[in-house]
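This report refers to the structure that appears directly beneath it.
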Amino acid sequence: MIDDVATIRAEAHARIAQASSLDELRTLDVDILGKKGSLSILKSGLARLESIDKKKAAGRVLNEAIAALQAAIESRQRELSLGELDDRIEREAMDLTEYLHAPVRGRAHIVTQAWQRLEDVFIGMGFQIAEGPEVETDWHNFEALNMPPSHPARSMHDTFYVDHGSPGSTVLRTHTSPVQIRVMHSTKPPIYQVMPGRVFRNETTDSTHLAVFHQIEGLVIDKGITLADLAGTIDAFTKAFFGSDFGSRLRPSYFPFTEPSAEFDIRTPDGSWLELGGCGMVHPNVLRAGGIDPEEWSGFAFGFGIDRMAKERHGVGDVREMYTNDIRFIEQF
Ligand code: DAH
């Protein structure tokens with residue numbers, strides 16, 4: 001009996017030491033120490049031993065074996081659970097090395113950059129920003145701007161008509177000037193606002209023309225505003241936007257919504273002139289369409305293309321390049 005205990009104990013120790021998982025160890029625990037385990041079977045055999053002394057001696061050996069094996073199982077259990085934890089940590093660890101490479105940072109398109117700089121400069125000059133709808137009524141886009149249906153200036157605006165309302169009543173705005181009317185309706189003078197936005201003309205695109213492009217409109221309405229204020233504002237803007245070595249001039253021109261009207265050019269440091277946009281004193285009919293009394297208030301307006309400014313600033317040869325979204329072009333700026 002004592003020999004049997006020793007054999008089972010030795011064997012059990014070896015199996016416990018070799019157990020490679022907690023599951024395996026649990027099975028061993030049942031096999032060795034469980035109710036039907038080998039040691040329990042021996043235990044039930046104790047009763048059959050002849051003498052009390054033999055029973056006592058065998059019982060002691062048996063109990064020692066049970067205690068020793070229990071301790072061995074517990075210590076192996078601790079070892080295995082630490083190992084399994086390490087494995088799990090290893091398995092579940094996330095590989096973050098790819099995040100060490102900073103993602104490539106994007107940037108605003110050159111037209112957006114120009115748009116934002118224009119806003120910054122005008123805000124610096126005390127203007128507020130307003131926007132109007134791209135789908136506009138014929139009334140705002142033409143009539144309120146002193147261009148009745150028969151007006152010859154309408155032919156300068158190759159218009160996209162929108163199939164909405166009565167025929168010809170809805171257009172994709174051909175310029176940002178209709179926002180002047182909306183601003184006059186929503187704001188009591190004095191008004192000092194600029195209105196950037198996208199505009200549309202039904203024309204064939206080429207290296208200097210696009211069917212979809214951007215303009216920024218300016219409107220000032222106050223008491224006693226004169227052409228001198230217009231010229232001074234254009235010049236202050238030119239110097240703030242392009243630099244103090246730039247200049248500006250007004251050339252007489254014609255627009256239905258201003259009287260008198262002018263084109264304005266900027267003088268680059270090398271002395272050459274670049275045509276930028278149109279401007280003038282707001283026509284009394286336009287003030288009236290905007291609900292403003294021309295006897296009490298006067299003002300000036302101007303408008304010019306944003307894409308053109310981005311093109312000039314970055315020396316882009318063909319405006320169409322700016323909209324093909326070729327990453328090799330876009331990434332240059
Ligand atoms: N709306 C004109 C255009 O698209 C530009 C323009 C000219 C705007 C004179 C104005 C202005 O405000 O006074 O060609």
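Ligands are counted one by one from 1 in listed order, and the atoms in each one are counted from 1 as well. Note that these values count all heavy atoms, side chains included, but never hydrogens, waters or copies made by symmetry.
- The contact set between ligand 1 and Gly280, taken as ligand atoms under 4.0 Å from a residue heavy atom, comprises 13 (O).
- The nearest heavy-atom contact from the protein to atom 11 (C) of ligand 1 is Phe257 CE1, 3.5 Å.
- Note: Phe127 and Phe302 have perpendicular aromatic rings, judged against thresholds of 30 and 60 degrees for the angle between ring planes.
- Taken to the nearest 0.5 Å, the CD1 atom of Ile32 stands 10.5 Å off from the OG1 atom of Thr27.
- Proximity of a side-chain donor or acceptor of Arg107 to a complementary backbone N or O of Phe333 within less than 3.5 Å is detected.
- Using a 4.0 Å cut-off between a side-chain N of Lys or Arg and a carboxylate O of Asp or Glu, Arg249 and Asp265 qualify as a salt bridge.
- Annotation: atom 5 (C) of ligand 1 to nearest protein heavy atom, Gly303 O, 4.1 Å.
- Listed by atom number, the atoms of ligand 1 under 4.0 Å from Thr258 heavy atoms are 13 (O).
- At a heavy-atom distance under 4.0 Å, only side-chain atoms of Arg201, from C-beta outward, approach ligand 1.
- Ligand 1 places these atoms under 4.0 Å from at least one heavy atom of Gln215: 3 (C), 4 (O).
- Between atom 8 (C) of ligand 1 and the options Arg173, Glu263, Glu217, the minimum heavy-atom separation is to Glu217.
- Under the 4.0 Å criterion applied to side-chain N and carboxylate O atoms, Asp120 and Arg117 are not assigned as salt-bridge partners.
- In the vicinity of Phe255, heavy-atom distances shorter than 4.0 Å reach the ligand 1 atoms 7 (C), 9 (C).
- The contact set between ligand 1 and Gln180, taken as ligand atoms under 4.0 Å from a residue heavy atom, comprises 12 (O).
- Counting all heavy atoms, side chain and backbone alike, Glu217 lies closest to Thr176 at OE1-OG1, 2.8 Å.
- Remark: the Asn63 side chain and the Arg60 side chain contain no N/O donor-acceptor pair separated by less than 3.5 Å.
- In Ala301, the parts holding a heavy atom less than 4.0 Å from any atom of ligand 1 are both the side chain and the backbone.
- In this structure, Phe257 and His175 have perpendicular ring planes: the angle between them is above 60°, well past the 30° mark.
- Those atoms of ligand 1 that come under 4.0 Å of a heavy atom in Ser177, given as number and element, are 1 (N), 8 (C).
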